[in-house]
Undergrad: 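For reference, the structure I am asking about is given below.
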Amino acid sequence: MKIVVQKFGGTSVATPSARNQVLKRIVQAKADGQSPVVVLSAIGQKGDPYATDTLLELINDAGPSVPKRERDLLLSCGEVISCALLSALLVGKGYPARALTGGQAGIITNTEFGNARIVEVLPEPLLALLKKGIIPVVAGFQGRTPAGDITTLGRGGSDTTAAALGAALDAETVEIFTDVDGIMTADPHIVGEAHTLATLTYEEVAQLAYQGAKIIHPRALELAKQYSIPIKVRSTFSDQPGTLVAHGVHSPGRLHLGPDRLITGIAHLPNIAQIKVQFAANDKQRETELFESLAQAGVSIDLINVFPETKIFTISESSLPAARHALAAAKFEAAITDGLAKVSVVGMGMRGVPGVMAKVVNILNSTGVEILQTADSHATISCLVRASDTQKALCALHKGFNLGK
Ligand code: ASP
Ligand code: MG
């Protein structure tokens, strides 16, 4: 049996015509001799009646003391609605199908409601259906505890459901259907020249995602990598082949993706604030207090530069209230600049290659984008810039590194 997991996001099931496209993809898999296992997200996006954000608002209106178990039970309904509907549509077209909650599909989680981790996948319920030629339509983003309570896997968790089922069923591929043609060299809404990448390694995708590219849930990527399940990211609405994500080395039955490219793509993270704190050089106690006070306030920091007198780091703007409070409570005077963005050049091939930083600096300088701070790792060079310079910086880097077609 050639099992393929086909996961469709919220926009893919949002309208009758979109759902028709979904049916087309499932029917095509059948016609190709595959056994599809369908995983769905809740219908639509923020504002739509059955979207996760709408359900979240509904239960949050019940006040601050909503039990997490009850919140999860309500949130899980969004995916259940899409599955029951799509299964009915398949049956209506003459294809035997069965809608299943995550728990019914064998997804067992721990009891961390709201952000549950899958601890086991029991493949028997799905295998039994597949053997009978029935298409399982599984509610993503949810599972059940060993005691039978319904849990959710954290926002964006339908990808994780798909990857976990792919691993448990030893699927040939996990297809992540979305509303773009695949993983691109940059955000196409910002960089007109951005184009789809045909093949990527798990590491390249993880780096792009970590630097802000909205692609696939990191947990799903981890699972797919761990169990060597190839992922295909493609559009529900076009016949483009999409992006294949797999290992970079050749192994029997798997694709060889060739050598690392120098630069894979350009990613960005908006809504960043920079914090600068100064105190007497080498006051180790204050230095420790500074970082501990932020950690205790739950503020995650990035782009960290520590000099004897000056400490500079960035945080997400959403953490600003907590950071201001923590810094004031610990009596630190901080210079805070908000309205910034982090732009990153990402590529596994840049490791040990001289001149990449020089090129980044040269490109941004000659475009008139001021670099406020930088950081690098083996596979990324990140620059902090003003939010208003984001598009200019992304387009210049994309062009400068010849990422256009
Ligand atoms: N519906 C859930 C969310 O919006 C899960 C998903 O779409 O992956 O987070
Ligand atoms: Mg998603």
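When a ligand or atom number is given, it counts from 1 through the structure's own listing order.
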Undergrad: Verify, without hydrogens or angle tests, whether Ser366 (side chain) and Asn362 (backbone) share a donor-acceptor contact under 3.5 angstrom.
TA: yes
Undergrad: To which protein heavy atom is atom 7 (O) of ligand 1 closest, and what is the distance rounded to 0.1 Å?
TA: Ser41 OG, 3.0 Å
Undergrad: May I ask whether Gly157 has any heavy atom positioned less than 4.0 angstrom from an atom of ligand 1?
TA: yes
Undergrad: Checking Ser76 side chain against Leu73 main chain: does a donor-acceptor pair fall under 3.5 Å?
TA: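 Yes; judged by distance alone, with no hydrogens or angles, the pair exists.
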Undergrad: Just need the protein heavy atom nearest to atom 4 (O) of ligand 1, so name the residue and atom and give the distance.
TA: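 Atom 4 (O) of ligand 1 sits closest to the protein heavy atom Arg155 NH2, 2.9 Å.
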Undergrad: Using heavy atoms and a 4.0 Å limit, tell me yes or no: is Gly156 in contact with ligand 1?
TA: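 True for this residue.
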Undergrad: Salt-bridge test for Asp53 and Arg155: reply yes if a basic N is under 4.0 Å from a carboxylate O, no otherwise.
TA: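 A salt bridge links Asp53 with Arg155.
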Undergrad: Is the NZ or CZ atom of Lys7 both under 6.0 Å from the centre of the six-membered ring of Phe177 and within 45° of that ring's axis?
TA: no
Undergrad: Which pair of non-hydrogen atoms, one from Glu317 and one from Ile272, has the smallest distance, and what is that distance?
TA: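 Minimum heavy-atom separation between Glu317 and Ile272: OE2-O, 3.6 Å.
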Undergrad: Give a yes or no answer on whether the side chain of Thr380 reaches the backbone of Asp376 with a donor-acceptor pair at less than 3.5 Å.
TA: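 Such a contact is absent between Thr380 side chain and Asp376 backbone.
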Undergrad: Is there a polar contact between ligand 1 and Phe141, counting only N or O atoms under 3.5 Å apart?
TA: no
Undergrad: Which option out of Leu56, Ile43, Thr52 puts a heavy atom nearest to atom 2 (C) of ligand 1?
TA: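 Going through Leu56, Ile43, Thr52 one by one, Thr52 has the nearest heavy atom to atom 2 (C) of ligand 1.
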Undergrad: Side chain, backbone, both or neither: which part of Glu79 comes within less than 4.0 Å of ligand 1 when only heavy atoms are counted?
TA: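 Glu79 to ligand 1: side-chain contact only, backbone stays beyond 4.0 Å.
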